[in-house]
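So you know, we letter chains A, B, ... as the sequences are listed, proteins then strands, and number each from 1.
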Number of protein chains: 2
Amino acid sequence: MSKDFLYNEIANGLAGQINSGVLKPGDRLPSVRMLCEKHKISMNTAKRVFLELEAQSLIDAKPQSGYFVSRRPYPRLPLPAVSNPSTLANNNEPDELISRVYANMGNDALTLFSVGAPSGDLLPLAKLKKEIVQALRELSGGGATYEPLQGNVKLRNMIAIRSLAWGGNLHENDLITTNGGMNALSFCLMALGKPGDTIAIESPAYPGVLQLAISLGYKVLELPTHPVTGIEIDALKKAIPHINLCLLVPNFNTPLGSCMPEAHKKEIVTLLSKHHIPLIEDDTYGDLYFGTQRPKCCKSFDTTGNVLWCSSVSKTLAPGYRVGWVAPGKYKEKLLQLKLVHALSSPAIPQEAVANFLKTAKYENHLRQLRRTLQDNYQHYIHAIADYFPEGTKTSRPQGGVSIWVEFPAEIDTAVLYDLAIKQRISIAPGRMFTLQDQFENCMRLCIGLPWSEQIKLKLKQVGNLAKRMQTG
Amino acid sequence: MSKDFLYNEIANGLAGQINSGVLKPGDRLPSVRMLCEKHKISMNTAKRVFLELEAQSLIDAKPQSGYFVSRRPYPRLPLPAVSNPSTLANNNEPDELISRVYANMGNDALTLFSVGAPSGDLLPLAKLKKEIVQALRELSGGGATYEPLQGNVKLRNMIAIRSLAWGGNLHENDLITTNGGMNALSFCLMALGKPGDTIAIESPAYPGVLQLAISLGYKVLELPTHPVTGIEIDALKKAIPHINLCLLVPNFNTPLGSCMPEAHKKEIVTLLSKHHIPLIEDDTYGDLYFGTQRPKCCKSFDTTGNVLWCSSVSKTLAPGYRVGWVAPGKYKEKLLQLKLVHALSSPAIPQEAVANFLKTAKYENHLRQLRRTLQDNYQHYIHAIADYFPEGTKTSRPQGGVSIWVEFPAEIDTAVLYDLAIKQRISIAPGRMFTLQDQFENCMRLCIGLPWSEQIKLKLKQVGNLAKRMQTG
């Protein structure tokens, strides 16, 4: 762990020097030997530092000569502006568009830039199968009989242990398992409000959450959100008198990939608790950080039990298992009652399998690999966007997660682009899906969870060409 | 199939003669050979007829002499009266009592007469494990990736095929899978009404449904229900102007075990359709008939798509798999939308395993055996109740399902009996749990899904003794 830490620190230091321009394209880096001596590290650790920087496309190896800062540094496209949704909750759901996009979700014949999860190719499928077989052996009744209402205790124990990584200090009794992450959010929304209540939310936001809120009769107040630091605190402060609850995805939310600074998290938790407004925290993407450290959760600043922390393994391990959970703070009894009446209990086998997987080093090893792949993909995508997309295209700069938010020049309507792209067997997620208002019409979300290939690059080029053609008419 | 039919027909004919008194206790039955000749059946079939009657405790074998009508015919305790709930929906939920009983639900140290499902000992656990392993092989991605929103198509196909047995003519596209049966009911209730609406329901009814309705803000109108024929049609007719939807368990509902005659089903479907009141039909117990024929469902009389037919494998095969479904008629799009926003999709592996199990003869064989066991248990229970319970005790006469409704003399409060019984490591389900009104205080539900043994008989005797002591003291 401390070795990992050291290696990450050195790699980050060098990456910082490259990104800030202290080291310039073409500059030679210190040799492996020099790095060893300077930092008192082993040859292997030094080599890992260079491999890491190479994986990030920041440096190139030249045979017999050493490492050099890449002549093609990481392109930085402009950031989209902070979003500016209307303060009126007009709740104009883009039903037709969402149906059109969702209809193609499982279609293997398409390149699915539209999905919001890593592709199955990035998941440890063979290992998971073994865990299912093992679960059959370990579970009483082979998992065919009811499990306790609160959920598999081994799984809850593992989630509690892992909560230390993000500043949580959960006990297994603080947790309730659910039928995937959406089910956790659904129980929270059902527990905390009633039709006509107003819920504050980031903008843009995950369509499933918008639909869920509407379906339960909530008014949705979309708030200005910064593509890097997340929801704008001042906007939330102004909204306080008008809202009944708040749902945030502080870590690498989809579609932006933003991550709230710790100070923001702390301030928001204090603010909402003071005003008795429950905070539902969706941490589905928290483990998918590109940097060196797992970001903290709002829950870690929660002293009053006002934060309901939700997550799942649907974006990291096994979407099809439907294993999610919630630490509902002081709302635990309400949530248990909802689980009882709406679901009775959770499927036993997938939970046991996930519990066992989390218990070994396998999960951390898998996550490490998945994070690296996503980070690499991100850089490949950014290069492709810089090369192929229309001039003036802006992108978010996710620090984790599985998606990039792309803002085209204003004249490009991504609902039209969707129809053009689907003819070329490419599915994108138009920006209008991520809001209940008339905004983001020139935006789209790109999934970076597909294994990178020349084919994917070509598909991104096709999207870029289609967009360019839309500009010229 | 036709052989099965013949054997059942002969056994039923003889059972009818015994029950009606044509054949009297001690009478000798025709010999195996005579039966063969009379009905032109094989020796094996004839023997099965006698084994069946013996299993029903209707006849006894005497070595070297043949079969005789049992000297202890099936006791017939008086039936409870038609229930008579208040027409005011007073919705007084017995929270505290339910919590007390549910807290002991998974406690293996207790004799759980309180549960509403067959014990794990009656389920094909080893075969199910094999199906899970097979599902891992067959599912793309080993079931770790999202499955389609509507659910596993093979499973929906098998449910559609099986619907012919109850007069349904479903297509796989008519069905949506859910996270167990409660989840199907939950989606139906969410889809069809809003807080403040009134739902008509049998009385007594399954506590989970009462809690679900209350949790969603419904007013619950409990209607008079006959212990044999189910809900009273006249009462429903009178209620029509006051209700927004209706939820019935026409086949072997818990706790009564009543089964609505076909004519009632047809009349109610027509009545509700005419008044545009959706009917949610919970058919969870429909496959657990004691007779020779699967009863029809209300859905089979539905010509307008107004019936939402719900079921699951939780009472027949694998509660812990959480595999349920709904055929929502004309409300399909609404249900799909609800599944999308509340659950996204179902766990893939348990559905595939159940689909494969249903596809072979294994399921029918298992059901045949389970039905026989439940029917035998029912008769054992009735004997024990007749022998050990206080004079004046009445019981329902379930024609299927997993429970008996017991009505003690008025002075016996089953909430008190619960506390006494639990001290002797016996859990019962007090009648007050099955209503939102102050009624059924002297009733209880007994689960007949535990494997019969001298131990179970002794436990029933203990319950009877406690009840008798309450009378005197």
Side-chain angles (χ1 to χ4, degrees), chain A residues 102 105-106 108 115 117 119-120 123-126 128-129 132-133 135-137 139-149 179-183 186-187 190 194-195 208-209 211-217 314 317-323 337-338 340-350, chain B residues 102 105-106 115 117 119-120 123-126 128-129 132-133 135-137 139-149 179-183 185-187 190 194-195 208-209 211-217 314 317-323 337-338 340-350:
Chain A
Y102 274 44
M105 274 305 187
D108 289 339
V115 299
S119 140
L123 303 175
L125 302 178
L128 285 170
K129 283 189 192 183
I132 293 281
V133 174
L136 291 175
R137 288 197 199 104
L139 280 170
S140 95
T145 50
Y146 286 120
E147 63 156 40
L149 175 61
N179 187 29
M182 273 309 291
N183 187 227
S186 142
F187 287 155
M190 285 201 272
K194 54 183 190 315
V209 164
Q211 290 181 295
L212 174 65
I214 294 294
S215 149
L216 292 171
S314 301
L317 193 63
Y321 283 15
R322 313 311 297 129
V323 173
Q337 176 66 10
L338 279 166
L340 177 67
V341 301
H342 290 278
L344 210 56
S345 68
S346 304
I349 297 170
Chain B
Y102 275 43
M105 274 304 185
V115 298
S119 139
L123 303 177
L125 302 179
L128 284 170
K129 283 189 193 183
I132 293 281
V133 174
L136 291 176
R137 288 196 200 105
L139 280 170
S140 95
T145 51
Y146 286 121
E147 63 156 41
L149 174 61
N179 188 30
M182 273 310 291
N183 187 226
L185 298 179
S186 142
F187 286 155
M190 285 201 271
K194 55 183 187 315
V209 163
Q211 290 181 296
L212 174 65
I214 294 295
S215 149
L216 292 171
S314 300
L317 192 62
Y321 282 16
R322 312 312 297 127
V323 173
Q337 175 66 11
L338 279 166
L340 176 67
V341 302
H342 290 278
L344 209 55
S345 68
S346 304
I349 296 168

Below 4.5 Å from any heavy atom of chain B, which atoms of [X] appear? Answer side chain, backbone, both or neither.
{"X": "A:Gln211", "answer": "both"}
{"X": "A:Leu149", "answer": "neither"}
{"X": "A:Ser314", "answer": "both"}
{"X": "A:Tyr102", "answer": "side chain"}

Nearest-0.5 Å distance, [atom1] of residue [X] to [atom2] of residue [Y]:
{"X": "A:Leu139", "Y": "A:Ile349", "atom1": "CG", "atom2": "CD1", "result": "6.5 Å"}
{"X": "B:Tyr321", "Y": "B:Asn179", "atom1": "OH", "atom2": "CG", "result": "14.5 Å"}
{"X": "A:Asn183", "Y": "A:Leu338", "atom1": "CG", "atom2": "CG", "result": "10.0 Å"}

Under a 4.5 Å cutoff for heavy-atom pairs, which residue among [options] has the most contacts with chain A?
{"options": "B:Lys194, B:Arg137, B:Gln337, B:Glu147", "answer": "B:Gln337"}
{"options": "B:Leu123, B:Val115, B:Val341", "answer": "B:Val341"}
{"options": "B:Pro347, B:Gly180, B:Ala318", "answer": "B:Pro347"}
{"options": "B:Gly208, B:Gly143, B:Gly142, B:Ser345", "answer": "B:Ser345"}
{"options": "B:Arg322, B:Met190, B:Lys129", "answer": "B:Arg322"}
{"options": "B:Gly141, B:Ser119, B:Ser140", "answer": "B:Gly141"}

Closest heavy-atom contact between B:Ile132 and B:Pro350?
CD1-CA, 4.5 Å
A side-chain contact here means heavy atoms from C-beta on lying under 4.5 Å apart; do A:Ser186 and A:Met182 qualify?
no
Considering only heavy atoms, which portion of [X] lies under 4.5 Å from any heavy atom of chain A: side chain, backbone, both, or neither?
{"X": "B:Leu216", "result": "side chain"}
{"X": "B:Ala117", "result": "side chain"}
{"X": "B:Leu128", "result": "side chain"}
{"X": "B:Pro124", "result": "neither"}
{"X": "B:Ser215", "result": "side chain"}

